[in-house]
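In what follows, a structure is listed as structure tokens, so that the remarks can point back to it.
Keep in mind that the numbers below use all heavy atoms, side chains included, and drop hydrogens, waters and symmetry copies.
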Amino acid sequence: MDGFSIRTEGLKKDFGPVRALKGVSFDLSAGLLHGLIGSDGAGKTTTMRLLAGLLRPTEGSIVYSGAGGPVSFTEVRRGLAYMPQQPSLYPDLSVEEHLEFFRELYRLEPEDYARRSRELLDITRLEQFRGRRAGLLSGGMYKKLGLICALLRSPSVLLLDEPTNGVDPISRREFWGLLYGLAAGKILILVSTSYMDEAERCARVHLLESGRLLASGEPRSLLKAAGAASFEDIFIKKAVV
């Protein structure tokens with residue numbers, strides 16, 4: 001499947017009297033690892049849910065494009081996978097039972113499922129834990145299982161909402177290693193995070209604060225342009241202004 005790109009134009013989202021997004025516009029280029037960076041309450045999850053088609057914008061638009069130009073969300077949805085921030089696995093099901101569940105959900109052919117599940121269990125090093133229930137997995141292993149479930153159908157667009165939140169430093173590093181491997185496969189990956197050090201691990205970053213986009217671009221270029229040593233400094237400067 002050809003890669004997809006996404007552009008948001010003046011994206012706004014209201015929840016009653018609260019405006020969660022206040023006119024957000026950015027580009028997500030196909031085949032790159034993008035970061036949506038911001039503190040809690042910045043609007044990251046709302047943005048993710050809008051991109052995944054789980055919410056409708058109050059104002060603004062989301063344009064999905066393929067190699068030949070704009071495409072409908074229906075076409076993109078077949079190749080889109082979303083991993084939510086909140087726990088979404090079943091604690092009483094084992095690793096293997098989760099894979100079987102998503103095989104049925106995605107209606108994967110037996111041969112494709114066998115090959116894909118074997119590959120994913122190998123790269124996440126969960127093969128030896130196939131029989132362990134999700135509720136008994138460590139935080140890092142739980143997140144890896146969630147990633148496997150999202151990747152079973154080989155998506156072209158992968159949306160990960162704070163996948164490393166609450167995970168120990170070693171597991172965080174391993175998780176990013178997995179993302180780099182996936183990015184090499186030229187799929188569009190968007191990772192939201194409140195960990196500022198993770199911003200520099202992305203090919204492109206989009207800085208979100210209180211529902212507004214502060215900046216977008218290549219990490220080092222943004223730091224240089226702002227005269228900042230870290231992304232914490234950028235957010236602090238913007239807050240002061």
Side-chain angles (χ1 to χ4, degrees), residues 1 31 33-36 40 44-45 48-49 51-52 54 77-195 197-203:
M1 183 180 292
L33 199 167
H34 294 259
L36 188 61
D40 292 344
K44 301 188 300 297
T45 294
M48 284 286 192
R49 290 176 177 172
L51 296 176
L54 300 177
R77 183 167 52 192
R78 293 195 294 267
L80 184 148
Y82 171 60
M83 181 175 163
Q85 177 185 4
Q86 299 300 323
S88 57
L89 304 178
Y90 300 96
D92 292 331
L93 293 185
S94 68
V95 169
E96 186 161 16
E97 287 170 335
H98 273 94
L99 297 183
E100 289 289 345
F101 172 80
F102 281 93
R103 178 184 70 83
E104 292 288 343
L105 183 65
Y106 296 148
R107 299 181 181 179
L108 300 177
E109 294 295 330
E111 290 185 2
D112 292 337
Y113 167 72
R115 173 185 55 79
R116 189 67 174 157
S117 61
R118 184 170 58 250
E119 291 174 352
L120 292 170
L121 286 170
D122 181 56
I123 64 173
T124 57
R125 295 186 293 180
L126 289 181
E127 171 64 37
Q128 61 181 311
F129 302 104
R130 294 177 74 121
R132 183 173 296 186
R133 289 185 296 167
L136 298 178
L137 296 175
S138 67
M141 292 166 66
Y142 185 96
K143 293 297 179 73
K144 288 179 182 179
L145 176 56
L147 183 62
I148 287 179
C149 294
L151 292 171
L152 262 182
R153 60 175 174 176
S154 302
S156 297
V157 178
L158 180 61
L159 306 177
L160 305 174
D161 192 6
E162 303 214 40
T164 59
N165 187 33
V167 175
D168 66 89
I170 294 177
S171 294
R172 273 213 291 156
R173 185 169 64 245
E174 290 179 345
F175 199 93
W176 275 96
L178 293 174
L179 295 185
Y180 288 145
L182 295 171
K186 301 302 180 183
I187 69 172
L188 167 56
I189 303 174
L190 177 61
V191 180
S192 71
T193 181
S194 58
Y195 295 125
D197 63 297
E198 294 186 338
E200 296 185 57
R201 302 185 183 191
C202 303

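Judged purely by atom type and a 3.5 angstrom limit, K186 has no side-chain atom pairing as donor or acceptor with the backbone of G31. Formation of a donor-acceptor pair under 3.5 Å by the S94 side chain with backbone atoms of E97 is found in this model. At distances below 3.5 Å, not a single donor-acceptor pair connects side-chain atoms of S88 with backbone N or O atoms of P84. Within the 3.5 Å criterion, the main-chain N or O of L54 finds no donor-acceptor partner in the side chain of Y82.
Side-chain contact check for P163 versus M83: some heavy-atom pair is nearer than 4.5 Å. Residues Y195 and T164 meet the side-chain proximity criterion, which asks for heavy atoms closer than 4.5 Å. Side-chain contact between D122 and E127 is absent, with no heavy atoms from C-beta onward closer than 4.5 Å.
With rounding to the nearest 0.5 angstrom, the OG atom of S171 is 6.0 Å from the NZ atom of K144. Within the model, atoms CG of L136 and CE of M141 stand 9.5 Å from one another, a figure rounded to the nearest 0.5 Å. Put simply, OG on S192 and NE2 on H34 are 14.0 Å apart, with the number rounded to the nearest 0.5 Å. If you take CG on L147 and CG on L182, they are separated by 6.0 Å, rounding to the nearest 0.5 Å. If you take CG on L93 and NE2 on H98, they are separated by 5.0 Å, rounding to the nearest 0.5 Å.
The residue from L190, I189, I187 that alone fulfils the side-chain contact (heavy atoms from CB on, under 4.5 Å) condition with L33 is I189.
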Next on the checklist: C202 vs W176, test: side chain to side chain contact (heavy atoms under 4.5 Å, CB included). Steps then yes/no.
Outcome noted: CA-CA 10 Å; C202 303; W176 275 96; 3.7 Å; yes
Item to check | Intermediate values then yes/no, side chain to side chain contact (heavy atoms under 4.5 Å, CB included), Q85 and L160 | outcome: CA-CA 8 Å; Q85 177 185 4; L160 305 174; over 6 Å; no
Next on the checklist: Between L126 and I148, is the side chain to side chain contact (heavy atoms under 4.5 Å, CB included) condition met? List the steps.
Outcome noted: CA-CA 10 Å; L126 289 181; I148 287 179; 3.8 Å; yes
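With sequence neighbours excluded, the residues satisfying side-chain contact (heavy atoms from CB on, under 4.5 Å) with V95 are L121, L137, L145.
For the residue pair G146 and L89, the shortest heavy atom distance occurs at N-CD1, 3.9 Å. What you find for A81 and A150 is that their closest heavy atoms are CB-O, 3.1 Å. Of all heavy-atom pairs between L99 and S117, the closest is CD1-CB, 4.1 Å. Nearest heavy-atom pair across K143 and V167 is CG-CG2, 3.8 Å.
The salt bridge (Lys or Arg N to Asp or Glu O under 4.0 Å) analysis of residues 155-169, with sequence neighbours excluded, yields the pairs K44-E162.
One finds a salt bridge joining R125 and E174 here, because a Lys/Arg side-chain nitrogen approaches an Asp/Glu carboxylate oxygen to under 4.0 Å. In summary, E198 and R172 engage in a salt bridge, as defined by a charged side-chain N under 4.0 Å from a carboxylate O.
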Which atom pairs, one a donor and one an acceptor, fall under 3.5 Å between side chains of residues 103-115 and the rest of the protein, sequence neighbours left out?
{"unit_1": "R103", "atom_1": "NE", "unit_2": "E100", "atom_2": "OE1", "d": "3.0"}
{"unit_1": "R103", "atom_1": "NH2", "unit_2": "E100", "atom_2": "OE1", "d": "3.3"}
{"unit_1": "Y106", "atom_1": "OH", "unit_2": "C149", "atom_2": "O", "d": "3.2"}

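Around OH of Y90, the count of heavy atoms belonging to other residues, nucleotides or ligands within 6.0 Å does not exceed 12. Within 6.0 Å of the CZ atom in R201, the count of heavy atoms belonging to other residues, nucleotides or ligands exceeds 12.
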